[in-house]
2 protein chains.
Amino acid sequence: MARGTGQALGGDSLATLADVARRAGVSPATASRVINGSSKPVADELRERVLSAVAELRYVPNAHAQLLARPQRSVVGVVVHDVSDPYFAEVTRGLQRVATDRGRLVIICNSYRDPERELEYVEMLRGQQVAAIVLAGSGYHDADFTARLTEKLAAYEATGGRVAVIGRHEHPGDAVMPANDVGGRLLGEELLRLGHRQIGVIAGPRVLTTITDRLRGLRAALADGGVTLDDDHVRYADFDRDGGARAAAELLDTVDGLTALVALNDSMAVGALALLRQRGVRVPDQVSVAGFDDMPVAADVTPTLTTVRLPLVELGARAMTLALGPAADRSRVEVLPAELVRRESLGPAPR
Amino acid sequence: MARGTGQALGGDSLATLADVARRAGVSPATASRVINGSSKPVADELRERVLSAVAELRYVPNAHAQLLARPQRSVVGVVVHDVSDPYFAEVTRGLQRVATDRGRLVIICNSYRDPERELEYVEMLRGQQVAAIVLAGSGYHDADFTARLTEKLAAYEATGGRVAVIGRHEHPGDAVMPANDVGGRLLGEELLRLGHRQIGVIAGPRVLTTITDRLRGLRAALADGGVTLDDDHVRYADFDRDGGARAAAELLDTVDGLTALVALNDSMAVGALALLRQRGVRVPDQVSVAGFDDMPVAADVTPTLTTVRLPLVELGARAMTLALGPAADRSRVEVLPAELVRRESLGPAPR
DNA sequence: CCAAGCCGGGCAAGGGCTTTCCCGATGATC
DNA sequence: GATCATCGGGAAAGCCCTTGCCCGGCTTGG
């Protein structure tokens, strides 16, 4: 039964339902009924024969043929910025937990923060006939891209697909949002309370709406306390450890008298901490540091990191729940609360 | 054209190739040729008409029908212990990089270290007709399970599928292994050099072959130096931070005079470090600590963690490369080197 | 000016599975 | 014992797409 004509993928082809039926001496219809436990009863003897044929041939139904014949969608597509980022690792954990509980298979696609790739994946998932698409990760400040993505998602929804997005809300479908602005505000208020006036901000990539949201909250709180955040006190950096260290170095080198450094995620905060240690700057005695997200590492660095906790696993779980639940008449937006976690890295401003 | 009969997934059905052809006033054959840029030429005018029909209907080909008609496999299935574990996050990054470079889509499945689920996923991926299956994560000490999995993988390979495994080698297909035993040995030698004789080991789950391998290397090195590792010096724990802390506490409470704690992964080492800090034990002055894997956190804790570096990203990249490359006559096993990374947490034994 | 070739397009046959519809053979009923 | 209902099984259509094959019309060469 060799089929390959010298193809890289040579070898015997998979057993088909017809093979099973032939071996069991029944029709494909009967074999099918036995295999999916159809409502229609099958005589015990035939059932036996089919089952042993399945075992002998190691038959596995061709999922594509099944889907074609019975368009029952059970797969969910997830497009995420980067699963190996701890933030998304947590979110993904929540997504998976719910999906698995409901017997759904998840296809995870990494866009690596490339908007074009995000678009491609949505297209591809549509072709895969997935039951739902979940987009996890901040939106982009790019009106053209946003419009194109919205258009694609709308087309998908129009054909019965479900859409849920995490951390952005500028699209059709349900949205689950961490309270980024509130988090920024909490941090700002805490800084004021501790007497900080000269504050440096290590922001992530400028194009991400998450960054804008966090910064807006922070700015607003500081403004309420009479402190304005100059543009040169804000450095945009890569969202990782090294980016944080670089931005911290720049801030220290260009702005005098800083008493606090706020990083808009924990990875960058950890980088800043490392740079400060390397330069012999004591935290928080000389300079305070704060982060964002409360990722596991925050509790293990020295000094432990004051940060804003976002319910990451919950974010994923809620999004998947919405995506798999009944469709709403119109888009829902759920906001999950942020919470300040006080640890050692943020202390009173030195006088 | 509504099809749904009140289904949860109501709405209009997806546009099909036939719809496109009808709208463009051509046959489905022609539409298909335009869409996949077949070698057969199509008149410019018709091509135009088809293309605009595609755009208007937002047509996306049904991937399942395509796969059925042209059995060209381009998807790779990955079954991983837990993507949200930083270890696998790194490995997955390597896997994805190579897959993406070659235009392959990746389906990621989390087994959460449940052997049964691992089996199920392999079965399902087989049904999905994936081009290759990559298993990432330690094997289990369970002969029955191993046999069943081997059987399934063999069946898959027999039908032309490719298999690559990471961190285990007891199966068909190519294997990429970190040098776990060498890593254990390196750690053992370093401990001896620093004068440690009373050593506690925080091992991970007993059922994982990775743990056995690491432990074997460590034991061998110590034995060469005349130090035997009693069973009560070894504690099996969950592979995470809390497991590490608990095991460290047990060891300290039950064994006297320990001068070093070796954790068989970094998460557990971090947990141990936290426990020691909480108990006011100075590291490494009173007790030394070492980890395994060199995950990012190792450089950020205080004291920084001495550990064994494994090339995690490389592990994933090699496995995917093997899985997508030409099949070998028989299983290949590649071992990637381990390397000791000396940092602060491991010092000379107190006298 | 006719025959031979091309070229561009359509027809139709699958690919593997599910499911409706139908039919023959039972068992039950009067 | 004849009629009917019922039950178990098979034939075949259809899901959506690709592609080998064929055919009509044009161009070209003799």
Side-chain angles (χ1 to χ4, degrees), chain A residues 1 3-5 9 12-50 53-54 57-74 126-129 159-160, chain B residues 1 3-5 7 9 12-50 53-54 57 59-74 126-129 159-160:
Chain A
M1 279 284 166
R3 175 205 281 164
T5 58
L9 295 178
D12 289 331
S13 60
L14 240 49
T16 73
L17 186 64
D19 297 333
V20 171
R22 201 171 313 124
R23 184 174 195 110
V26 301
S27 75
T30 302
S32 170
R33 288 195 263 258
V34 170
I35 289 165
N36 338 324
S38 128
S39 56
K40 197 154 188 188
V42 174
D44 284 348
E45 191 200 324
L46 296 196
R47 152 167 289 109
E48 278 306 306
R49 295 220 305 261
V50 169
V54 165
L57 296 175
R58 295 194 176 86
Y59 171 72
V60 181
N62 181 322
H64 302 295
Q66 274 184 316
L67 246 71
L68 208 53
R70 161 172 29 86
Q72 172 240 114
R73 292 135 205 228
S74 76
R126 205 146 88 79
Q128 293 280 333
Q129 317 281 103
T159 58
Chain B
M1 282 275 148
R3 177 204 280 163
T5 57
Q7 283 248 340
L9 295 179
D12 290 331
S13 62
L14 240 48
T16 73
L17 186 63
D19 296 332
V20 171
R22 201 171 312 123
R23 184 175 196 110
V26 301
S27 76
T30 303
S32 170
R33 288 194 264 259
V34 170
I35 288 164
N36 341 321
S38 129
S39 55
K40 196 152 188 188
V42 174
D44 283 349
E45 192 200 322
L46 295 195
R47 152 166 288 111
E48 279 307 304
R49 295 220 305 262
V50 169
V54 165
L57 296 175
Y59 171 72
V60 181
N62 181 322
H64 302 294
Q66 275 184 316
L67 245 72
L68 206 54
R70 161 168 32 83
Q72 173 241 114
R73 288 131 208 232
S74 75
R126 204 145 91 77
Q128 292 282 332
Q129 317 282 102
T159 58

Atom-pair distance ([atom1] on [X]; [atom2] on [N]), nearest Å:
X	N	atom1	atom2	value
A:His64	C:dT18	NE2	C1'	17 Å
A:Asp19	C:dG15	CG	P	12 Å
B:Arg73	C:dG16	CZ	P	10 Å
B:Leu68	D:dT19	CG	C1'	14 Å
B:Leu17	D:dT19	CG	P	12 Å
A:Leu14	C:dG16	CG	C1'	11 Å
B:Gln129	C:dC17	CD	C1'	12 Å
B:Arg22	D:dC17	CZ	P	11 Å

Please confirm whether the shortest side-chain N or O distance from [X] to OP1 or OP2 of [N] is below 4.0 Å.
X	N	result
B:Gln66	D:dT18	yes
B:Tyr59	D:dC17	yes
A:Asn36	C:dT18	yes
B:Thr30	C:dG10	yes
A:Ser32	C:dT18	yes

Minimum-distance nucleotide (side-chain atoms of [X] versus [options]):
X	options	value
B:Ala29	C:dG10, C:dT19, D:dC17	C:dG10
B:Ala69	D:dG8, C:dG16, C:dG15	C:dG15
A:Asn62	C:dC17, D:dG8, D:dC17	C:dC17
A:Ala43	D:dA11, D:dG8, C:dG16	D:dG8

Answer whether the closest heavy-atom distance between the side chains of [X] and [Y] falls below 4.5 Å.
X	Y	result
A:Arg70	A:Asn36	yes
B:Val34	B:Leu46	no
B:Val42	B:Thr30	yes
A:Ile35	A:Val54	yes
B:Leu67	A:Asn62	no
A:Arg33	A:Val50	no

Heavy-atom nearest nucleotide on DNA chain C for B:Ala65 versus A:Arg70: which residue maps closer to 5'? B:Ala65
Considering every strand and a 4.0 Å limit on heavy-atom distances, what is the contact class for A:Leu67: base, sugar-phosphate, or nothing?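 Result for A:Leu67 = nothing.
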Indicate the atoms forming the closest heavy-atom contact of B:Gly25 with B:Arg49, along with that distance.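 B:Gly25 and B:Arg49 have their closest heavy atoms at O-NH2, 3.6 Å.
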Where A:Val26 and A:Ala31 come nearest, the two heavy atoms and their spacing: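 Reported closest heavy-atom pair: CG2-N, 4.2 Å.
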Between B:Ile35 and A:Val42, name the one whose nearest nucleotide on DNA chain D is closer to the 5' end.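 It is A:Val42, whose closest nucleotide lies nearer the 5' terminus.
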Distance check, rounded to the nearest 0.5 Å: B:Leu57 atom CG versus B:Leu17 atom CG?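 Those atoms lie 10.5 Å apart.
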Spatial distance of atom CD (A:Gln128) from atom CZ (A:Arg126) [nearest 0.5 Å]: 13.0 Å
Taking N or O atoms only and anything under 3.5 Å, show me the protein contacts with nucleotides 21-26 of chain C, one pair per line.
residue : atom : partner : partner atom : Å
C:dC21  : N4   : A:Lys40 : NZ           : 3.3

List every contact pair, protein side and nucleotides 24-26 of chain D side both N or O, where the distance is under 3.5 Å.
none

